[in-house]
Amino acid sequence: MFAPAQEQLLHIRRGTAEIIPEEELEVKLEASRQANRPLVVKLGCDPSRPDLHLGHAVVLRKLRQFQDLGHQAVLIVGDFTGMIGDASGQSKTRPALTLEETRQHGASYFAQASRILDPSRTRIVYNSEWLGPMQFGDVVRLAMKTTVARILNRDDFASRYAQDEPIGLHELLYPLAQAQDSVAIKADIELGGTDQKFNLLMGRTIQKACGQPQQICITLPILEGLDGREKMSKSLDNYIGLTEAPEEMYGKLLSIPDTLIYRYFELATDADTRDLPRLKGEAAVQPRDTKHRLAAMITRMYHGEAAARSARTHFERTVIRKEVPDDIPSYRPAPTGNGTIGLLTLLTQAGLTSSNGAARRLVQQGAVRLDGERVHDSRLEIDLAARTPFVVRVGKRRFARIIR
RNA sequence: GGGCAGGUACCCAAGCGGUCAACGGGGGCAGACUGUAAAUCUGCUGGCUAAGCCUUCGGAGGUUCGAAUCCUUCCCUGCCCA
């Protein structure tokens with residue numbers, strides 16, 4: 001039923017940052033094969049941020065790989081830890097969510113993750129199930145299994161402490177809570193980004209202290225965002241959401257720096273491993289075409305062939321040739337007394353600008369066009385009866401068809 | 001509990017009685033350019049049909065002709081001491 005350990009390892013190693021410890025993984029794989037028992041592969045998800053993007057996809061794809069190798073994927077929805085706050089790398093305490101909210105987010109997370117995982121072979125558990133009933137005494141006994149120095153060792157805590165930034169006491173418990181998850185489900189392997197290394201290792205520590213076999217920690221690289229510098233994240237707005245419209249995906253992918261093209265092929269696509277070296281060469285020699293192929297490939301993975309094709313057409317049309325796209329929203333202005341409407345009012349009402357002030361500035365900067373013609377007069381009154389229908393454009397990407 | 005330093009627009013951060021809708025940087029938006037929604041350069045970046053008015057500098061009061069700037073008090077954060 002299971003492939004030989006060495007063969008499995010070949011797939012597992014691809015694209016990972018670290019496997020700790022690798023020899024032990026081989027032993028586990030071999031044992032699982034002999035006993036014909038799948039390994040329990042754990043991935044924790046943070047329901048406080050329910051919008052998944054390509055960065056999350058890196059680790060989800062790895063989990064999918066384990067499923068394809070016949071192992072058991074367990075997705076842990078951190079509904080309890082979500083109420084506490086915190087996750088690695090966040091330097092601010094997060095707003096506490098109610099159990100109800102985290103449940104909803106968990107469901108939404110799973111729906112999105114199902115674009116990558118095989119949902120029929122994914123076990124979903126909520127960690128409030130075991131963390132919720134714990135008594136204070138249980139928590140104290142758990143806390144006894146590690147030391148303050150060890151916890152403060154975590155990068156995130158260390159730097160915040162050094163910079164005199166606040167660290168809530170409860171935040172120190174977060175790694176312990178996550179480790180307890182591993183104990184609860186008897187994880188054989190835990191996946192996470194490299195920023196999760198500390199928490200994953202804490203799982204090993206606590207499992208050992210509880211007399212359990214220790215999990216293997218597998219970390220995956222953090223995908224850079226569209227800016228090419230910071231990690232992809234929603235709060236930095238440099239991300240591509242898994243559920244984003246194909247046109248958005250395609251356009252955003254073309255905006256990444258050329259140096260990131262290969263990186264995305266490696267971590268975010270299903271490109272064949274054997275093709276990777278070739279793609280690396282092409283990315284260097286003909287960045288434009290290779291980037292289009294990257295954009296098409298990723299868009300296809302999430303939206304299918306047809307959508308990817310039309311996304312390309314859309315891009316060539318609106319960005320390269322600066323034409324008006326097919327499907328733009330229509331807006332029917334509220335009737336006015338004399339049948340005319342001020343330009344600024346129209347822009348704001350149609351949702352193209354956030355305020356009249358913003359609209360005024362954009363007009364002054366030459367960003368506003370009516371049927372392709374640039375407008376400079378912010379006091380312009382438009383005669384609706386005479387002009388409609390017409391197309392309003394703000395900047396490169398905001399359009400509305402004004403109808404009556 | 002005591003002492004000290006802080007809390008300024010999306011973020012960082014100046015300002016310390018009028019000239020402050022508030023320097024500068026980041027981010028964002030726009031224009032030019034480009035294979036690109038990249039890079040670079042330039043401009044804009046609280047609201048109001050607007051040379052005027054309104055709201056904003058942790059909260060609430062107060063002093064003053066006038067406060068982000070001074071006083072009182074409360075809340076929050078960090079450091080040192082206990």
Side-chain angles (χ1 to χ4, degrees), chain A residues 90-93 95 157-169 171 224-241 244-264 282-296 298-299 311-323 325 333-334 336-338 340-349 351-369 374-382 392-399:
Chain A
Q90 295 296 324
S91 34
K92 280 184 184 159
T93 307
F157 291 142
S159 63
R160 280 163 70 187
Y161 193 66
Q163 285 170 41
D164 292 346
E165 279 166 22
I167 300 172
L169 182 57
E171 294 183 66
E224 290 81 0
L226 302 179
D227 53 35
R229 283 195 310 273
E230 310 271 10
K231 67 172 184 176
M232 183 173 285
S233 84
K234 193 178 184 199
S235 49
L236 292 171
D237 195 27
N238 63 356
Y239 70 105
I240 299 176
E244 259 183 87
E247 294 78 21
E248 286 294 307
M249 259 191 184
Y250 198 97
K252 283 186 175 184
L253 282 162
L254 279 186
S255 80
I256 64 172
D258 290 355
T259 50
L260 230 53
I261 297 175
Y262 173 69
R263 179 89 167 155
Y264 272 48
E282 286 174 10
V285 180
Q286 33 187 237
R288 185 191 60 186
D289 296 341
T290 314
K291 202 188 277 182
H292 272 284
R293 284 175 53 201
L294 172 73
I298 292 181
T299 309
R312 170 161 197 159
T313 310
H314 179 270
F315 184 86
E316 284 171 346
R317 206 165 168 174
T318 59
V319 181
I320 299 180
R321 296 203 300 274
K322 304 189 194 321
E323 292 169 6
T336 56
N338 57 4
T340 70
I341 188 167
L343 176 61
L344 303 182
T345 311
L346 177 67
L347 290 170
T348 304
Q349 272 184 18
L352 295 169
T353 52
S354 57
S355 71
N356 280 9
R360 182 187 311 274
R361 284 177 232 117
L362 286 164
V363 170
Q364 281 162 2
Q365 289 178 106
V368 177
R369 291 163 194 264
R374 200 162 275 189
V375 190
H376 287 103
D377 179 13
S378 57
R379 291 165 177 270
L380 185 69
E381 286 288 324
I382 299 169
V392 187
R393 172 181 199 154
V394 179
K396 291 187 187 68
R397 307 182 52 209
R398 278 170 280 174
F399 298 91

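Just so we're on the same page: letters track the sequence lines, and every chain starts at 1.
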Counting side-chain heavy atoms from C-beta on, which of [options] comes nearest to [X]?
X	options	value
A:F315	B:A37, B:G31, B:U49	B:A37
A:I320	B:C79, B:G35, B:A38	B:G35
A:V319	B:G78, B:A37, B:G35	B:A37
A:L362	B:U49, B:C79, B:C29	B:C29
A:R229	B:U36, B:G27, B:G78	B:G27
A:Y161	B:A38, B:C79, B:C48	B:C79

Rounded to whole Å, please give me the gap between [atom1] in [X] and [atom2] in [N].
X	N	atom1	atom2	answer
A:I256	B:A39	CD1	P	12 Å
A:E244	B:A37	CD	C1'	12 Å
A:L352	B:A30	CG	P	12 Å
A:R321	B:A37	CZ	P	14 Å
A:D258	B:A38	CG	C1'	7 Å
A:L294	B:A37	CG	P	17 Å
A:R288	B:A39	CZ	C1'	17 Å
A:H376	B:A30	NE2	P	15 Å

Open item on the list: Please identify which of these residues, A:T299, A:L294, A:I298, A:T313, meets the side chain to side chain contact (heavy atoms under 4.5 Å, CB included) condition with A:Y250.
Closed with: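 Result for side chain to side chain contact (heavy atoms under 4.5 Å, CB included) with A:Y250: A:T299.
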
Open item on the list: With rounding to the nearest 0.5 angstrom, report the CZ to CE distance, A:F315 to A:M249.
Closed with: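 Between A:F315 CZ and A:M249 CE, I get 15.5 Å after rounding to 0.5 Å.
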
Task: Between CE on residue A:M232 and CG on residue A:L226, distance to nearest 0.5 Å - done: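 Answer rounded to 0.5 Å: 5.0 Å.
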
- [ ] Would you confirm whether A:K252, through its side chain, and A:Y239, through its main-chain N or O, come within 3.5 Å as a donor-acceptor pair?
- [x]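 Yes: the side chain of A:K252 pairs with the backbone of A:Y239.
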
Task: Test item: A:R393 side-chain N/O and A:G395 main-chain N/O as donor-acceptor pair under 3.5 Å - done: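 Judged by distance alone, yes, a pair lies under 3.5 Å.
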
Is the distance from OP1 or OP2 of [N] to the nearest side-chain N or O of [X] less than 4.0 Å?
X	N	result
A:R397	B:U36	no
A:K252	B:A38	no
A:R374	B:A32	yes
A:T318	B:A37	no
A:R398	B:A30	yes
A:S355	B:G47	yes

Atom [atom1], compared across [N] and [M]: separation rounded to whole Å:
N	M	atom1	result
B:G59	B:U8	P	10 Å
B:C54	B:G62	C1'	24 Å
B:C76	B:G66	C1'	30 Å
B:U69	B:C20	C1'	11 Å
B:C81	B:A9	C1'	37 Å
B:C33	B:G43	C1'	15 Å
B:G7	B:C57	C1'	10 Å
B:C53	B:G61	P	25 Å

Open item on the list: Evaluate A:E171 against A:F157 for side-chain contact (heavy atoms from CB on, under 4.5 Å), listing each step before the verdict.
Closed with: CA-CA 9 Å; A:E171 294 183 66; A:F157 291 142; 4.1 Å; yes

Would you mind classifying the nucleic acid contact of [X] as base, sugar-phosphate or nothing, using non-hydrogen atoms under 4.0 angstrom?
X	result
A:E247	base
A:E381	base
A:G251	base
A:R361	sugar-phosphate

Task: Side-chain-base donor-acceptor pair under 3.5 Å for A:Q365 and B:G43 - done: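 Yes, a donor-acceptor pair under 3.5 Å.
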
- [ ] Check whether the side chain of A:K322 and the base of B:U34 form a donor-acceptor pair under 3.5 Å.
- [x]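 Checked by distance alone, the answer is yes.
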
Open item on the list: Other residues, nucleotides and ligands only: do more than 12 of their heavy atoms fall within 6.0 Å of CZ on A:R379?
Closed with: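 Not more than 12 within 6.0 Å, no.
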
Open item on the list: Check A:R397 with A:E248, please: is the shortest side-chain N to carboxylate O separation under 4.0 Å?
Closed with: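 Salt bridge present between A:E248 and A:R397.
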
